[in-house]
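Numbers for residues simply follow the sequence, beginning at 1.
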Amino acid sequence: MSEGVSGADAAVLAAAASGDPEALRSAAREWIERNVPAEWLAAALAGDMDRLHAVRSPEAYREWYPPLGRSGLTVPTWPVEYGGLGLSRSQSGVVAAELRRARLTTLNVVGIGLVAPTLLQYGSEYQKQTLLGPIVDNTAKWCQLFSEPGAGSDLAGLSTKAERVDADTWRIDGQKVWSSFAHEADYGILLARTDPSLPKHQGITVFAFPMRHESVTVRPLRKISGDHEFNEVFINDAVVDDRLRIGEQGQGWEIARAVLAFERAMLSGAGSGLRERTSGSSIQTLVTAAKAAGAVDDPVMADEVVRLYVENQVVQLTNARARSLGREGAAPGQLKVLASEHNQRLQAALLDLTGAVVYDPEDASAARRAFGFLRSRGDTIGGGTSEVQRNNVAERVLGLPKDPFSDNTIPWRDIKRGPTA
């Protein structure tokens, strides 16, 4: 069993069990003051982001991070037996506020945001005991292995196949693409076709796929922002233990929809396109830049900043409402469209205020602004395009007729496909 399971901080656990929000706030703050390096905490509490980035490198933060994960503070709503604090959604806001105050961001975002809630809902006890701990303390990183060259927006058309070798093992072959963090992942949550005789939304199964496998090749795909978060993944006769099958055979599409819902929720936070996740909502960066540029004296620019500020408040309040109401809090895809398109407008306004950015390795602030703008271009693509999300709202909320797909009822193996399938 991983050290991260059932290992939450005792004082924080006791405060959580008391149900007293002030006791919980105090316990979380005391843990932070006791464990976060003093120089990091001082810069964070002062709001000095340049100083924080100077004294807390990404490498140093990753090395220090495991105790934070094991404290339970980053996953307060998880059950206590799996390393969380057993808090309600509303109670967890107290902990989240303390983490934001200290600029303590969550690592392993695919593992925490997509995989863990899927395992908690569909995983076996073996999977919960062996996989959740390393996710929360960031000792096992995860990626998502869904999209394929021939199955992007039509995800159910995927052709990666998994065939049983015997009662205990599967053999998997196929290709995935646009897999964020696959180059550093230890596991991927993978969709594979296990019965091609069924229609495409059936006969799909989900696996926790080991990435450190000699049969796996990962190739980076460099983005406009300059980094290579995306990858293409080639899987050639990889043998996988049946204990890593998530859910029942053929339950893949149901689980995939749950994963996509978790992904939309993860991508729906205000200002989510900023590289420096330690800064909180990017609207504050815009307001600061507007004051420095004298935008209050320019009625056009002032109107734009105020409009984006109000829009940002709508995003945050809608997210808070969705969190408090759970699955009933927002229409499928609605929040994701709202947040991603807002962030694109926000990042563009920031460049309008500050002017064109010339790359200078010595100017970290300018580099973050440039990255934020470039990265935001993908916000309306990742996690399902805005067009797909609007279709979801139209069909599942407004009750409008679905597009007349002609291949949803015929066996997958009989569907005509291009040479990439």
Side-chain angles (χ1 to χ4, degrees), residues 1-18 21-46 48-49 51-87 91-117 119-120 127-143 181 184-187 266 276-280:
M1 182 185 298
S2 167
E3 183 182 356
V5 175
S6 303
D9 182 80
V12 176
L13 268 177
S18 74
E22 288 310 312
L24 181 59
R25 189 186 313 279
S26 177
R29 186 168 296 187
E30 287 177 6
W31 188 95
I32 291 169
E33 291 173 350
R34 188 171 66 249
N35 290 277
V36 177
E39 196 172 15
W40 297 5
L41 188 58
L45 296 180
D48 188 343
M49 301 312 302
R51 178 62 179 162
L52 181 59
H53 283 288
V55 299
R56 193 184 81 181
S57 68
E59 295 75 18
Y61 189 62
R62 284 193 293 270
E63 183 177 349
W64 170 85
Y65 185 86
L68 174 62
R70 290 192 289 267
S71 72
L73 294 171
T74 60
V75 288
T77 61
W78 284 21
V80 172
E81 60 267 31
Y82 301 127
L85 302 177
L87 298 178
Q91 291 173 319
S92 70
V94 173
V95 174
E98 290 304 310
L99 294 180
R100 286 195 301 271
R101 175 176 175 268
R103 303 297 199 270
L104 297 175
T105 56
T106 300
L107 298 183
N108 206 357
V109 291
V110 174
I112 292 290
L114 278 63
V115 178
L119 291 176
L120 288 169
Q127 291 165 357
K128 293 173 186 177
Q129 291 291 341
T130 58
L131 299 177
L132 287 176
I135 286 176
V136 77
D137 67 13
N138 196 42
T139 55
K141 300 177 181 64
W142 283 71
C143 66
F181 314 117
E184 57 185 26
D186 300 288
Y187 284 91
M266 182 182 73
E276 58 158 62
R277 306 301 173 98
T278 54
S279 67

Return the set of residues passing side chain to side chain donor-acceptor pair (under 3.5 Å) with [X] (not counting sequence neighbours), or none when no residue passes.
| X | result |
| --- | --- |
| Glu184 | none |
| Glu39 | Arg51 |
| Ser26 | Glu30 |
| Asp186 | Arg212 |

For the pair Leu104 and Leu73, evaluate side chain to side chain contact (heavy atoms under 4.5 Å, CB included) and give the outcome as yes or no after the intermediate values. CA-CA 10 Å; Leu104 297 175; Leu73 294 171; over 6 Å; no
Should Phe181 and Val109 be marked as a side chain to side chain contact (heavy atoms under 4.5 Å, CB included) after you check the CA-CA gap, both sets of side-chain angles, and the distance that decides it? CA-CA 10 Å; Phe181 314 117; Val109 291; 3.9 Å; yes
With the side chain counted from C-beta on, respond yes when Val12 and Pro76 share a heavy-atom pair under 4.5 Å apart, and no when they do not.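 Counting from C-beta outward, Val12 and Pro76 never come under 4.5 Å.
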Ignoring hydrogens, what is the shortest heavy-atom contact between [X] and [Y]? Give both atom names and the distance.
| X | Y | answer |
| --- | --- | --- |
| Ala16 | Leu87 | CB-CD2, 3.5 Å |
| Val80 | Gly86 | CG2-N, 4.0 Å |
| Arg56 | Ala102 | NH1-O, 4.4 Å |
| Pro21 | Val94 | O-CG1, 3.7 Å |
| Gly69 | Thr74 | CA-OG1, 3.9 Å |
| Leu120 | Tyr82 | CD2-CD1, 3.8 Å |

Kindly write out the residues that satisfy salt bridge (Lys or Arg N to Asp or Glu O under 4.0 Å) with Arg25, not counting sequence neighbours, or none if the list is empty.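 Partners of Arg25 by the salt bridge (Lys or Arg N to Asp or Glu O under 4.0 Å) criterion, ordered by chain and then number, come out as Glu22, Glu98.
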Once rounded to the nearest 0.5 Å, what's the spacing between atom [atom1] of [X] and atom [atom2] of [Y]?
| X | Y | atom1 | atom2 | value |
| --- | --- | --- | --- | --- |
| Arg101 | Leu41 | CZ | CG | 7.0 Å |
| Leu131 | Trp142 | CG | CH2 | 5.0 Å |
| Glu81 | Lys128 | CD | NZ | 8.5 Å |

So if I apply the side-chain contact (heavy atoms from CB on, under 4.5 Å) rule between Leu68 and each of Val36, Ile32, Asp137, Leu99, which one comes out positive?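 Exactly one pass, corresponding to Leu99.
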Main-chain N/O of Asn138 paired with Asn108 side-chain donor or acceptor, under 3.5 Å: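 Side chain of Asn108 to backbone of Asn138, a donor-acceptor pair under 3.5 Å: no, none is there.
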Review item, side-chain donor-acceptor pairs of residues 60-67, under 3.5 Å, at least two apart:
from	atom 1	to	atom 2	distance (Å)
Tyr61	OH	Thr105	N	2.9
Tyr61	OH	Thr105	O	2.7
Trp64	NE1	Asn35	O	3.1
Tyr65	OH	Leu107	N	3.3

Sequence neighbours excluded, which residues qualify as side chain to side chain contact (heavy atoms under 4.5 Å, CB included) partners of Thr77?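 Checked Thr77 against side chain to side chain contact (heavy atoms under 4.5 Å, CB included); matches are Ser92.
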For Val75, give me all partners under side chain to side chain contact (heavy atoms under 4.5 Å, CB included), at least two apart in sequence or on another chain.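 With neighbours one apart ignored, the set is Trp78, Ile112, Val136.
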